[in-house]
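Since this is a predicted model, take the numbers as computed values, not measurements.
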Amino acid sequence: MKALSFCSGVFAVLIGFLSATAVAGSAASRPRLPFDFDSLRKIDEVQFGNLQGREHKILPEGAKTEVATIFGRKALTTDNAPGSGFCSVAVRLGAGKGMKAGVPYVLRFQYPEDAPRSYVIWNSSTRTRIAFHTGISVGDALRMPYVFPNPESIDYPLSQKWESWTTVFEPHPRYPDFPKPGNPTQTPDKGFWVVITHVNYDNDPTSVGMALGMLSLYEAPAQERLDMVVRRPPAGLPQRHLFWREEMSDGFLFDDKNPSFTREHAVDWYEGKIHLAKFLGYDTFSRDLLEFGHNQGWDSSKFGSNDWVYQSNRPELWHKMVQLATKYGMNILPMYEYCGSMGGRLALGPQKRAKTLGNQRKGPNGRDDYTHIHWSEKGNIDVTDPDAVEDLRKILEITIADENKNGNFLGAWIRPRSAGIPVSFSDRCIELFSKETSTPATRDTLRSDRGLYQKYIQWWNLKRRDYLCSIRDYLRKPEVIGKDAVLLFTGDPSEPGNLIAFGGIVTDDPSRFPNDKCKTPEQVVSEHLGLKRLTSPSDTWGGWEWQHAIPAADPQNYTKTPGVMQTVAFNRLYSVADTSVFRNFRTPDGLAMIRHYPLNEHVIKNDDLGYYITDVEVGGPYCMLAEARALANGDPRFIGYLTSNNMQRGFPEYVRAFNQAFLALPALPSTLLKDAASNPEVVVRAIRTPKNGNWFAIINTSLKDAVDVRLHEKLAAIPGMRDYITTKAVDPKAPLTLYPGQVLVWHSMNWIR
């Protein structure tokens, strides 16, 4: 990105003066929800400070709780002293209140933001668990059983007042009871459980525990009032896109013994997802059509059915989902965890034509596996194998080309799991390398000659690019999608994402964790630890070949490759701080970013809570600060989310505000206007177009309100400036006050003089 400098002696003085006086002035106004709580019909309410007469449970029995007065209101508090275990407080809401399935409701949880705290909230009626944290708490569990969580502890300012966590949801027809959630025995007329949990001390040592104020249930406005109004750039300009994919959410839809949704009404579950997307401002519908290579609801009969790809017991579901997404005006971006077709005698995946370098056959029954995760290594493909192009092409023909008349497809999203598309050292592959590079090679010489090995990896990376370009070329055929189709490739199969080359905690105060390895956010950037991790081979051990099972990203091979984007993993603030990451991953069609959530799987193993898995967000405006900083530092075109269970957001006003601003910007290269604002943490990006005027994104990247911010005089002198979303005229000379992560989108037909 180019930087346009406005530096001058006068302006430098002005910056210093205004920065020093920025504390004077009023706080930034927060975005509003599309409804006012006072205008909604209240269905039920629970005061945690007085649970007498309410059906409730506190787990485990004997857990320490007490009622405290915080900011003049009562709250039920839980302890998180060293050695403490988990604690859950559960209440039933809405029993006998006439609730119905598929009807939108609003759930509001009020809590005091007085100290660092964490909350995990389970809504039984939607089987949704989502968490948030405040202050210096780490949020995601610090010591997960299966993965490294990329922990971060930042001193997010506390508002020192009562705040609200809010969700809009639609109850399922049937759902589990509590505790020991299992079979879906409950119906909306019986109400539903809300369970609020805190993990044990070792996993969240910087949190002081929970403080529970009030839980309220409201009848939501009609769906058309909930939908976020999106003002896109004019037709003809490239657009930006937002989407999510859920990992562990819809299994019960394929279970004929589970009465949550009957087969004929299975698509209704996705209609609720689209309602939520329209409310939150996500414009693109995405769903995995292959999960660990297995068919997730499309008809494989065209090319062999079970002999090629095992047929789903809901083969009609994808067709119905495409029609549904189109009905609601959603773009479509299907996702594939591809490892070759998985089926019978015609299936490519089980042939496992990609081979390891060591050929130690450490898998079950002497199978040539790359990793110890044997259940995920049932299939793979070799990118140099022409059959691998045709195999995936047939899947895309059924799921995209044959459906394209029914919906607006953007392209495809490929995310192989471990060893799904590995580096292959088959005899055929090594012979091909030797022929194409005129460099004789064998397994033995590749193992012993480091230089030869590196040359082979570089060659294979280019073969992977050729493979992805072949898929892109198919998608760009006029009869499939067309010339603007894109292929997103997420080579990182891990849930947390390979975010950082450092096995410790990133924190602005290492003294919080005296027994752990720590680095500051500044060190992460100066040492380029994010870029190093994203582009380095995976660590391995014990003779396994993780470095080949999960080939490192090679963004340098795509900087001039149109239509194919290797995605950037992000989550923590440090993961969006280093501009070199974005420069390296940018392609002619822009930048794609995927937010990886660590899942927190089995952080609590307790039958009373059921299968424990959750995503975590930061409370209040900070829930979108990473996205705002990504826009400021990297300017992505695509932002996707790999969620652990059912997608939900607890601070929708901030999510909607960012998404509305993001989608209002054309997906064109932007210019970073250096020193464009008096506050150095307020970033301005500009996008010029030949015929449609100029867009300006004004972004507060700070942890604090940016108060009385002045734009540089040249920028402030642009005539005809309007807020692009509201279309109202704005005075660019007037001081601005922005909350953390706020993005303003202005537009003018004029440019800087």
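Contact between T206 and S137 at its shortest, heavy atoms only, is OG1-CA, 3.1 Å. The shortest heavy-atom contact between G281 and N659 is O-CB, 3.6 Å.
For R287 and D250, the salt-bridge test passes: some basic side-chain N is under 4.0 Å from an acidic carboxylate O. Using a cutoff of 4.0 Å between basic side-chain nitrogens and carboxylate oxygens, E163 and R30 are not scored as salt-bridged. A salt bridge links D140 and R572; the closest N-O separation between the charged side-chain nitrogens and carboxylate oxygens is under 4.0 Å. Under a 4.0 Å N-O distance rule, the pair R245/E495 does not qualify as a salt bridge. Salt-bridge annotation for K190 and E55: absent, with no side-chain N of the basic residue lying under 4.0 Å from a carboxylate O of the acidic one.
Taking the ring centroids of W269 and F252, they lie under the 6.0 Å cut-off. Taking the ring centroids of Y282 and Y641, they lie under the 6.0 Å cut-off. With ring centers used as reference points, H602 lies under 6.0 Å from Y611. Between F132 and F651, the ring center distance clears the sub-6.0 Å criterion. The aromatic ring centres of H172 and F261 sit less than 6.0 Å apart. For F86 and Y612, the gap between ring centers reaches or exceeds 6.0 Å.
For the atom pair CD of E170 and CD of Q223, the computed distance is 6.0 Å after rounding to the nearest 0.5 Å. Between I613 atom CD1 and N645 atom CG the span is 6.0 Å, to the nearest 0.5 Å. For the atom pair OG1 of T128 and CH2 of W122, the computed distance is 10.0 Å after rounding to the nearest 0.5 Å. One distance of note links OG of S124 with CZ of R129; it measures 10.5 Å at 0.5 Å rounding. Taking OH from Y111 and OG1 from T134, the interatomic distance works out to 7.0 Å, rounded to the nearest 0.5 Å. A distance of 6.0 Å separates OH in Y218 from CD in E45, rounded to the nearest 0.5 Å.
Under the side-chain contact (heavy atoms from CB on, under 4.5 Å) criterion, A63 pairs with I58, P60, C87, sequence neighbours left out. Residues meeting the side-chain hydrogen bond (donor to acceptor under 3.5 Å, both in side chains) test with S249, sequence neighbours left out: E246. Scanning for side-chain contact (heavy atoms from CB on, under 4.5 Å) contacts around R314 gives F254, D256, R263, S312, E316, L317, with sequence neighbours left out.
No hydrogens or angles considered: nothing links the side chains of N80 and S207 as a donor-acceptor pair under 3.5 Å. Judged purely by distance below 3.5 Å, without hydrogens or angles, the side chains of H241 and D283 pair a donor atom with an acceptor atom. Checked by atom type, the side-chain pair Y597/E247 shows no donor-acceptor distance below 3.5 Å. A side-chain N or O of S260 and one of R127 form a donor-acceptor pair less than 3.5 Å apart. Side-chain atoms of D492 and T490 include no donor-acceptor pair closer than 3.5 Å.
The shortest side-chain heavy-atom distance between S118 and H198 falls under the 4.5 Å cut-off. Between W193 and P176, every side-chain heavy-atom pair lies at or beyond the 4.5 Å cut-off. Two residues are said to be in side-chain contact when any heavy atoms from C-beta on lie closer than 4.5 Å; F192 and F178 fail this criterion. With contacts defined as side-chain heavy-atom distances shorter than 4.5 Å, the pair C623/V655 qualifies. The closest side-chain heavy-atom distance from P652 to T167 is not below 4.5 Å.
Other residues, nucleotides and ligands place no more than 12 heavy atoms under 6.0 Å from the NZ atom of K74. Surrounding CG of N183 are at most 12 heavy atoms belonging to other residues, nucleotides or ligands under 6.0 Å away.
Checking W165, Y622, Y739 one by one against Y654, the ring-ring contact (aromatic ring centres under 6.0 Å, His included) holds for a single residue, Y739. Each of R92, R108, R54 was evaluated against D44; a single residue qualifies, R54, per the salt bridge (charged side-chain N to carboxylate O under 4.0 Å, His left out) test.
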Going through the checks in order, is the salt bridge (Lys or Arg N to Asp or Glu O under 4.0 Å) test met by K378 and E337?
CA-CA 13 Å; K378 297 177 181 178; E337 292 186 349; over 6 Å; no
Can you check salt bridge (Lys or Arg N to Asp or Glu O under 4.0 Å) on R649 and D615, steps first, answer last?
CA-CA 10 Å; R649 301 301 298 264; D615 297 330; over 6 Å; no
